[in-house]
Protein chains: 4
Amino acid sequence: MHYSVNAPRRDERVKDGDEKVNTKEVIFEQALRIFSEKGFERATIEEIADQAGIAKGTFYYHFKSKSELFEFLLQQGTHILMDNTMTALQKGGTVVERLEAVINELLSFFQDYQEFCRMIFSEILGPAAAPTRWEEIFKPDRQKYLLPVIELIREGQEQGIIRNISPQTALQAILGTISTIAMTQIFHGEHFDKMKVSSQIREILFHGILVA
Amino acid sequence: MHYSVNAPRRDERVKDGDEKVNTKEVIFEQALRIFSEKGFERATIEEIADQAGIAKGTFYYHFKSKSELFEFLLQQGTHILMDNTMTALQKGGTVVERLEAVINELLSFFQDYQEFCRMIFSEILGPAAAPTRWEEIFKPDRQKYLLPVIELIREGQEQGIIRNISPQTALQAILGTISTIAMTQIFHGEHFDKMKVSSQIREILFHGILVA
Amino acid sequence: MHYSVNAPRRDERVKDGDEKVNTKEVIFEQALRIFSEKGFERATIEEIADQAGIAKGTFYYHFKSKSELFEFLLQQGTHILMDNTMTALQKGGTVVERLEAVINELLSFFQDYQEFCRMIFSEILGPAAAPTRWEEIFKPDRQKYLLPVIELIREGQEQGIIRNISPQTALQAILGTISTIAMTQIFHGEHFDKMKVSSQIREILFHGILVA
Amino acid sequence: MHYSVNAPRRDERVKDGDEKVNTKEVIFEQALRIFSEKGFERATIEEIADQAGIAKGTFYYHFKSKSELFEFLLQQGTHILMDNTMTALQKGGTVVERLEAVINELLSFFQDYQEFCRMIFSEILGPAAAPTRWEEIFKPDRQKYLLPVIELIREGQEQGIIRNISPQTALQAILGTISTIAMTQIFHGEHFDKMKVSSQIREILFHGILVA
DNA sequence: GATGAATGAGCTTTCATTCAT
DNA sequence: GATGAATGAAAGCTCATTCAT
C-alpha cells in the first residue's frame with residue numbers, strides 16, 4: 001500500500017541509482033502497518049522507529065506526536081475513499097448504476113488499502129471513547145461521504161426502484177455487508193480480492209438472500 | 001453473573017440489613033462498563049477498582065490479571081449468544097423460520113447486552129493482533145456458533161429457498177448488516193431497540209434493497 | 001531541616017524500636033535537599049527516589065508530579081515564615097521593637113531553613129518565566145507577608161521615627177540586605193549563624209553604613 | 001558585542017543595501033533575551049536559533065555548546081561592570097565620593113543591562129550547584145570586583161567615616177539592597193530607572209532607615 | 001559559512017502486578 | 001477476604017549535539 005503524503009516530486013530525488021529513501025514515507029508505511037496490526041495503543045513509537053530503520057528521535061523530528069501521525073493517516077485514507085466515490089458518482093447513470101459504482105468503489109478501497117482498513121477498523125469501530133478528538137475529526141468527513149449515498153437511495157425510492165425503508169438503514173446494510181465480508185478475509189490473513197465476491201455482494205444487497 | 005447494564009456504582013448501593021454485595025460481581029459490572037467505554041488498553045485496574053468501591057489489591061485477590069478478567073467477560077457473553085441461538089434453533093421449523101430465529105436472537109443479544117457488544121466490538125473487531133491469545137480463545141466458540149448457521153443456509157440452498165451463493169458470504173452479510181445497524185445506534189448513544197428495525201432488517205436480508 | 005507535612009501522629013507509628021520510616025517524609029527531605037542543590041530543572045525524580053531509597057514508581061504513588069511536590073514544598077516554607085512573622089508582630093511593642101522582630105524572624109528563618117531558602121532562591125528569584133503558575137501561587141502569599149511590614153513602616157513614618165522614603169523601597173532594603181548576607185554564606189557552604197550577624201545587620205539597616 | 005536590550009528579531013530587520021547582519025551578534029542578543037526570560041535550562045537552542053533567524057546547525061558553527069555561549073555572555077557582562085567600576089574608582093575623591101561612584105555604577109549597570117541582570121540572577125543566584133564550572137568561572141572575576149570595594153570600606157573605617165562592622169557584611173548590604181530594589185522592579189516588568197531611586201538608596205545605605 | 005536531518009541519552013509519567021499485614 | 005504501599009518495566013517525548021552536504 002502506498003498512499004504517501006508529501007511524497008517528493010520526482011526532480012527532488014537525488015541520485016537515481018542510489019536508493020534515496022524518504023524518511024517520512026518510510027515512517028508512514030511502517031506506522032500504517034504497525035497501527036493496523038496492533039491498534040493505536042499497542043503500537044509503540046520505538047517499534048515504528050525500529051521498523052523504519054531510524055532512531056526514536058528522528059520520528060519526533062518528522063512528527064509532532066503519535067496521535068498526530070495517526071490522525072494524519074486516518075484522514076488521508078478517508079479522503080481517498082471519499083474522492084473516489086465522489087468521482088464515480090459524478091459520472092452519472094441510473095440509480096442502480098450509481099449504487100453499483102458506490103459499492104464498487106468501496107470494494108476497491110478495501111482491496112487497495114487493506115492495511116488502512118485494518119487500522120481504521122482497529123481503532124474507529126474500536127474503543128468508542130478513544131481520544132475523543134477522533135470522533136470530531138471523523139464526523140464531518142463521514143457525513144460528507146454518507147450524505148450523497150443517502151440522497152441516492154432516496155432518489156431510488158422516489159423512482160420506486162428501491163424498497164421503502166429507512167435510507168440510513170439501507171446504507172448501513174450496504175456498509176455492514178461489504179465491510180464484514182472484506183474485513184473477515186483481511187483479518188484472517190487472506191488477501192481480499194473483490195472480483196471473487198463483488199457479484200455475490202451485489203446479488204445479496206440488491207435481491208436478498210432468498211430466491212424470488 | 002449477569003450482564004447488567006448501567007449497574008449502580010458501589011457507593012450508590014444501599015446496604016439494608018445484611019444484603020451482601022458480591023465483590024466479584026461488582027467488579028464484573030464495572031469492568032464491563034469501563035472496558036466497553038475505553039477498550040482494553042485504556043481501561044485501568046485502578047479505575048475499575050475505584051468504581052467497584054474496592055482497593056486495587058482486592059482486584060488481584062479475585063482475578064489473576066487484567067487479561068483474565070477480560071477473557072472471562074468475553075466468553076461469558078459469547079456463550080450467552082451461542083446458547084440462546086442453539087435453543088432457538090432446536091425449536092425446529094422451516095429453514096426461513098429458523099433463519100428468522102437466528103436473526104431474532106442476534107437482535108435480542110444486541111439489545112440486551114449493549115455494553116458487552118460495545119466491548120466486543122471495541123477490542124475484538126479491533127486490534128486484530130491483540131494479545132494473540134484472544135484469537136485462540138475465540139476461534140472455537142466462533143466456529144461453534146457459525147457452523148450451525150452455515151449448515152442452515154446450506155439446507156436452504158438444497159431446498160432451493162436460498163440463493164446459490166457462498167454460505168459464508170451469506171452469513172457475513174447477515175452478521176454485518178445486523179451488527180452495523182445495531183452498533184451504529186449504540187455507539188451514537190441511542191438505546192438500541194430491536195422492534196424498530198427488525199422487520200426492515202428481515203426485509204433487506206431476505207429480499208434485498210431493490211424492489212422486485 | 002524538618003518541616004514535615006502530614007507527619008504521622010505519634011500513635012500511628014508502629015514498632016517503637018524498629019525504624020518505621022515515613023516514606024512521604026523521606027521524599028520531602030531528599031527532594032528539598034536536591035531541589036536546593038540543583039534547582040527544579042536539574043533535579044530528577046530518579047535522583048530523589050534513589051536518595052530516598054525508593055523506586056521511581058513509589059514517588060508517583062505519593063505525589064502527583066514533580067511540580068506538585070515542588071509547589072507544596074514552596075508553600076510549606078513560606079507559610080512557616082509568614083506564621084512566625086505574624087505571631088511575632090502580634091506581640092506588639094514599639095515600631096522599632098516590631099521591626100526588630102520582623103528582622104529577627106527573617107534571620108531565624110534563614111538559619112533554620114537554609115535548605116529551603118536555597119531552594120526558593122534557586123527557583124523563585126531564578127528563572128522568571130518559570131512554570132508561570134509559581135508566580136500565581138506566590139503572589140498572594142507574598143502580599144500577605146509584605147503588607148503588614150509595609151504598614152509597620154508607614155506607622156513608623158507617621159511617628160517620625162522612620163525616614164521619609166518609599167515604604168516599598170525601605171522594605172526591599174531590609175529583605176535584600178538580610179537575604180544577601182544570609183545566602184552568600186549559605187551558598188558558600190558555611191552554616192549561617194544569625195547570632196554572628198544580627199547586631200551588625202540591625203546597625204546597618206537602622207543607622208546606615210556611615211558614622212553619624 | 002553590546003548587550004542591547006529588546007533587540008529586534010531577525011525577521012524584523014530591514015536589509016537595505018548590503019548592511020550585513022553579524023550572525024554571531026544576533027545570536028548573542030537573542031540568547032541573552034531568552035536566557036534572561038527562561039533561565040539556562042528552560043532556554044533551548046532551537047528557540048534561540050529560531051529567534052535569531054538561523055538554522056540550528058548554524059548555532060553550532062559559531063559556538064561550541066550551549067554552556068559556552070552562556071559562560072561567554074556571563075563574562076562579558078561582569079567585565080563591563082568591573083571595568084566601569086574600576087574606571088570610576090580611579091577618578092579618586094573622598095571615600096564617600098568613591099562609595100557613591102560604586103553605587104552609581106551598580107545602579108547604571110542594572111539600568112543599562114537589565115536583560116543581563118535578569119539572566120545572571122536567574123542562574124547564578126539560582127541553582128547553586130549548577131554546572132559547577134560556573135562557580136569556578138566566576139570566583140576570580142567576583143573577587144576582582146569585590147576586593148577593591150572592600151578595600152575602600154576599610155579605608156573609610158580607618159578614617160573613622162564608616163561604621164566599624166565587617167567590611168564583607170557592609171558590602172553585602174550594599175549589593176543586596178541595590179540588587180533587590182532593581183530586580184524587584186525588573187522582574188515585575190517595570191523598566192528600572194535609577195534616577196527615581198538613587199537618592200533614596202544612598203540615604204538608606206549611608207544613614208539607615210531610622211531618623212537620627 | 002550555513003544547513004537541517006538524524007541521533008540517543010535521558011526525562012517524566014503510567015500502570016499491571018506483588019506482597020506483607 | 002481485603003488492603004494499599006511499593007515496584008519497575010516501558011512508554012511518549014525533548015533536546016543538545018553531530019555531520020554530510
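Lettering of chains follows the sequences in order, A, B, ..., and the numbering in each one begins at 1.
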Checklist entry - How does DNA chain E read in dot-bracket, base by base from 5' to 3', with Watson-Crick or G-U pairs under 3.5 Å and | used when the partner is on another strand? => result .||||||||||||||||||||
Next on the checklist: Here's one to test your reading of the geometry: is the NZ or CZ of K24(B) within 45 degrees of the ring axis of F63(B) and under 6.0 Å from its centre?
Outcome noted: yes
Next on the checklist: With side chain to side chain contact (heavy atoms under 4.5 Å, CB included) as the criterion, how do E115(C) and E37(C) come out once you've worked through the C-alpha distance, each side chain's angles and the decisive distance to 0.1 Å?
Outcome noted: CA-CA 8 Å; E115(C) 293 275 85; E37(C) 279 170 10; 5.5 Å; no
Please enumerate all protein N or O atoms sitting under 3.5 Å from an N or O of nucleotides 15-19 of chain E, with distances to 0.1 Å.
unit_1	atom_1	unit_2	atom_2	d
dA16(E)	OP1	A43(B)	O	3.4
dA16(E)	OP1	K66(B)	NZ	3.0
dA16(E)	OP2	I45(B)	N	2.9
dT17(E)	OP2	Y60(B)	OH	2.9
dT17(E)	OP2	K66(B)	N	3.0
dT17(E)	O4	K56(B)	NZ	3.4

Checklist entry - Rounding to a whole Å, what distance do you find between F70(C):CZ and dT13(E):C1'? => result 19 Å
Item to check | Integer-rounded Å distance: dA16(F) P and E68(D) CD | outcome: 15 Å
Checklist entry - Which class fits the ring pair F35(D) and F70(D): parallel under 30°, tilted 30 to 60°, perpendicular over 60°? => result perpendicular
Checklist entry - Taking atom P of dC13(F) as reference, at what distance in whole Å does atom CG of L69(A) sit? => result 11 Å
Item to check | Whole angstrom value for the distance that separates P of dG4(F) from CD1 of I54(C) | outcome: 19 Å
Next on the checklist: The criterion is salt bridge (Lys or Arg N to Asp or Glu O under 4.0 Å); which residues satisfy it with K56(A), sequence neighbours excluded?
Outcome noted: E46(A)
Next on the checklist: What I'd like to find out is whether the side chain of E29(A) reaches to under 4.5 Å of the side chain of Q51(A), using heavy atoms alone.
Outcome noted: no
Checklist entry - Is V26(B) close to I54(B) at the side-chain level, that is, under 4.5 Å between some pair of heavy atoms? => result no
Checklist entry - Below 6.0 angstrom between ring centroids: does that apply to F28(B) and F72(B)? => result yes
Checklist outcome for this item: Separation of dT14(F) atom C1' from H62(A) atom NE2, nearest Å, is 16 Å
Item to check | Atom-to-atom span, CZ of F63(C) to P of dA6(F) - whole angstrom | outcome: 11 Å
Checklist entry - Within less than 4.0 Å of OP1 or OP2 of dA2(E), is there a side-chain N or O belonging to T23(D)? => result yes
Checklist entry - What heavy-atom pair brings S67(A) and F40(A) nearest, and what distance separates the two atoms? => result OG-CZ, 3.7 Å
